Enquirer: 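First the structure, then my questions, so here it is.
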There are 2 protein chains.
Amino acid sequence: MKITSRFTVAVHTLLVIYNFSQTTKVTSDFIAASVQVNPVVIRRTLLSLKAAGMVDVKAGSGGASIVKDLGDITLYDVYKAVDSMDGDMFHFHENPNPACPVGRNIHAVLDAHLADAQAAMENELKKGTLLDLTKDLASKQG
Amino acid sequence: MKITSRFTVAVHTLLVIYNFSQTTKVTSDFIAASVQVNPVVIRRTLLSLKAAGMVDVKAGSGGASIVKDLGDITLYDVYKAVDSMDGDMFHFHENPNPACPVGRNIHAVLDAHLADAQAAMENELKKGTLLDLTKDLASKQG
DNA sequence: TTTGTTGTAATCTTTTTGATTACATCGTTA
DNA sequence: TAACGATGTAATCAAAAAGATTACAACAAA
């Protein structure tokens, strides 16, 4: 009943690239060492972030860089980029009985509420940008 | 990355009890037939709902009934009653590297945002009561 | 005491996530 | 152009979680 760690891994990945790409070649191994997951997990994350137009990854020579203004990337954008999921956060039981008046209408009465709840969560994620996070990070480091 | 179907099953269960307990003995088998899941799943759901003070279940003779005003039960209450989860909706990667300035602070900069997002979702669920759902249901049936 | 039901444990299957291995391919550079 | 260090990507594995299912003791009422 959880949202994948892919999301927090992706945010972590972006922050590592931002923090080190000026001074170091930021490879999947380098990022993996900070996040402490398998490098292949990072490569897959980078593929998603690249597809979303947030980073550039150099095949062959290696190294990732950020290609979109961090002020234009919200947490929601990252979330959507890496956490595909079919769109619905709530998992509905599959086969309510259509022969029962409750089973027949349970979707009709619940779906809107579930969608609203999910939208509320997503809207909250839209409020914070990656740029905000880098500022927070800088202040913690300072 | 999903929220368990336990939640929708529980809402469905409460609505079935509400709709039929006047005219029928509502057993776990009866509810299971409407939700179309295994009766044991319903019994576990009923145990959670009973623990939350929403229903009464008669051991032995059988049958469930609602013991709390449906206007005082929000979707959030049901959600909390049946979806234990340790409290956090987001799954954070376990071991960010403390030797890295990003890994060391990633929790500090992200946790508040994740908590806010979860709270936004939960607050939305607090807006609708089970009584509202029964009214919606009645209008669909009518 | 028989019957129908709940409470609850145990097991199994499926699904999902992430770890891991493997390797072809690509860019750079020596 | 050969060697080297990376990435892209597939395939496999293992662990975790959710439900389904089986089983049965306890219980309440007829």
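Below, chains carry the letters A, B, ... as their sequence lines are ordered, and counting in each starts from 1. Since the structure is predicted, the reported quantities are computational estimates derived from the model, not experimental observations.
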Enquirer: Parallel, tilted or perpendicular: which one describes the rings of B/Phe7 and B/Tyr79, with boundaries at 30° and 60°?
Expert: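 The rings of B/Phe7 and B/Tyr79 stand perpendicular, inter-plane angle above 60°.
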Enquirer: Can you tell me if the side-chain N/O atoms of B/Arg6 get under 4.0 Å from OP1 or OP2 in D/dG19?
Expert: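 It does, given that an N or O in the side chain of B/Arg6 lies less than 4.0 Å from OP1 or OP2 of D/dG19.
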Enquirer: What is the separation between atom CD1 on A/Ile31 and atom C1' on D/dA6, rounded to the nearest whole Å?
Expert: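 For the pair A/Ile31 CD1 and D/dA6 C1', the rounded distance is 12 Å.
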Enquirer: Just distance, no hydrogens or angles: give the donor-acceptor pairs under 3.5 Å from side chains in residues 62-74 of chain B, sequence neighbours left out.
Expert:
from, atom 1, to, atom 2, distance (Å)
B/Asp69, OD1, B/Gly71, N, 2.8
B/Thr74, OG1, B/Tyr76, N, 3.3
B/Thr74, OG1, B/Asp77, N, 3.1
B/Thr74, OG1, B/Asp77, OD2, 3.1

Enquirer: B/His12 versus B/Val16: any side-chain heavy-atom pair under 4.5 Å?
Expert: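 They are in contact (side-chain heavy atoms under 4.5 Å apart), so the answer is yes.
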Enquirer: Select one nucleotide: of D/dA11, C/dT21, D/dT22, the one nearest the side-chain heavy atoms of A/Val40.
Expert: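 Shortest atom-to-atom distance from the side chain points to C/dT21.
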Enquirer: Measure from the side chain of A/Thr4, starting at C-beta and using heavy atoms only, and say which of D/dT22, C/dT17, D/dA10 lies closest.
Expert: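 So the side chain of A/Thr4 is nearest to C/dT17.
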Enquirer: To the nearest Å, give me how far apart CG (A/Leu49) and C1' (D/dG8) are.
Expert: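 Atom-to-atom, A/Leu49 to D/dG8, this comes out as 15 Å.
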Enquirer: Output the rounded distance in Å from CD (B/Glu94) to C1' (C/dT17).
Expert: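 Spelled out: CD on B/Glu94 to C1' on C/dT17 is 12 Å.
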Enquirer: Would you indicate whether the side-chain heavy atoms of B/Val102 and A/Phe20 approach each other to under 4.5 Å?
Expert: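 With C-beta onward as the side chain, the pair touches.
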Enquirer: Do A/Met89 and A/Met121 have side chains that get closer than 4.5 Å, going by heavy atoms?
Expert: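 They are in side-chain contact.
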Enquirer: Should the ring pair B/His107 and B/Phe92 be called parallel, tilted or perpendicular, given that the plane angle runs from 0 to 90° and is split at 30 and 60?
Expert: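 Judged by the thresholds at 30° and 60°, the geometry between B/His107 and B/Phe92 is parallel.
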Enquirer: Does B/Arg6 reach the side chain of B/Val41, with side-chain heavy atoms less than 4.5 Å apart?
Expert: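 No. Closest side-chain heavy atoms not under 4.5 Å.
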Enquirer: At a cut-off of 3.5 Å, list every protein nitrogen or oxygen paired with a nitrogen or oxygen from nucleotides 4-6 of chain C, distance to 0.1 Å.
Expert:
from, atom 1, to, atom 2, distance (Å)
C/dG4, N2, B/Gly60, O, 2.7
C/dT5, O4', B/Gly60, O, 3.4
C/dT6, OP1, B/Ser28, N, 3.1
C/dT6, OP2, B/Ser28, OG, 2.7

Enquirer: Just the rounded figure in Å: distance from C1' of C/dG7 to CD1 of B/Ile42.
Expert: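 Atom-to-atom, B/Ile42 to C/dG7, this comes out as 15 Å.
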Enquirer: For the helix from C/dT1-D/dA30 to C/dA30-D/dT1, what angle lies between the axis at the first five pairs and the axis at the last five pairs, to 10 degrees?
Expert: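 The angle, to the nearest 10 degrees, is 10°.
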Enquirer: What integer distance in Å separates A/Arg44:CZ from C/dA19:C1'?
Expert: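 Nearest whole value for this atom pair: 9 Å.
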Enquirer: Any donor-acceptor pair under 3.5 Å linking the side chain of B/Ser34 with the backbone of B/Ile31?
Expert: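 Checking the backbone N and O of B/Ile31 against the side chain of B/Ser34, no donor-acceptor pair under 3.5 Å is found.
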Enquirer: Which part of the nucleic acid does B/Val37 contact within heavy-atom distance under 4.0 Å: base, sugar-phosphate only, or nothing?
Expert: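 The answer is sugar-phosphate, as B/Val37 gets under 4.0 Å only of primed atoms, P, OP1 or OP2.
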Enquirer: Measuring to OP1 and OP2 of C/dG18, would you say a side-chain N or O of A/Asn38 lies under 4.0 angstrom away?
Expert: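 For A/Asn38, the contact criterion (side-chain N or O under 4.0 Å from OP1 or OP2 of C/dG18) is not met.
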Enquirer: Write down the distance between CD1 (A/Ile17) and P (D/dT7), rounded to a whole number of angstrom.
Expert: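 Computing the A/Ile17:CD1 to D/dT7:P distance gives 10 Å.
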Enquirer: Is any side-chain heavy atom of A/Asn95 closer than 4.5 Å to a side-chain heavy atom of B/Val35?
Expert: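 Not in contact.
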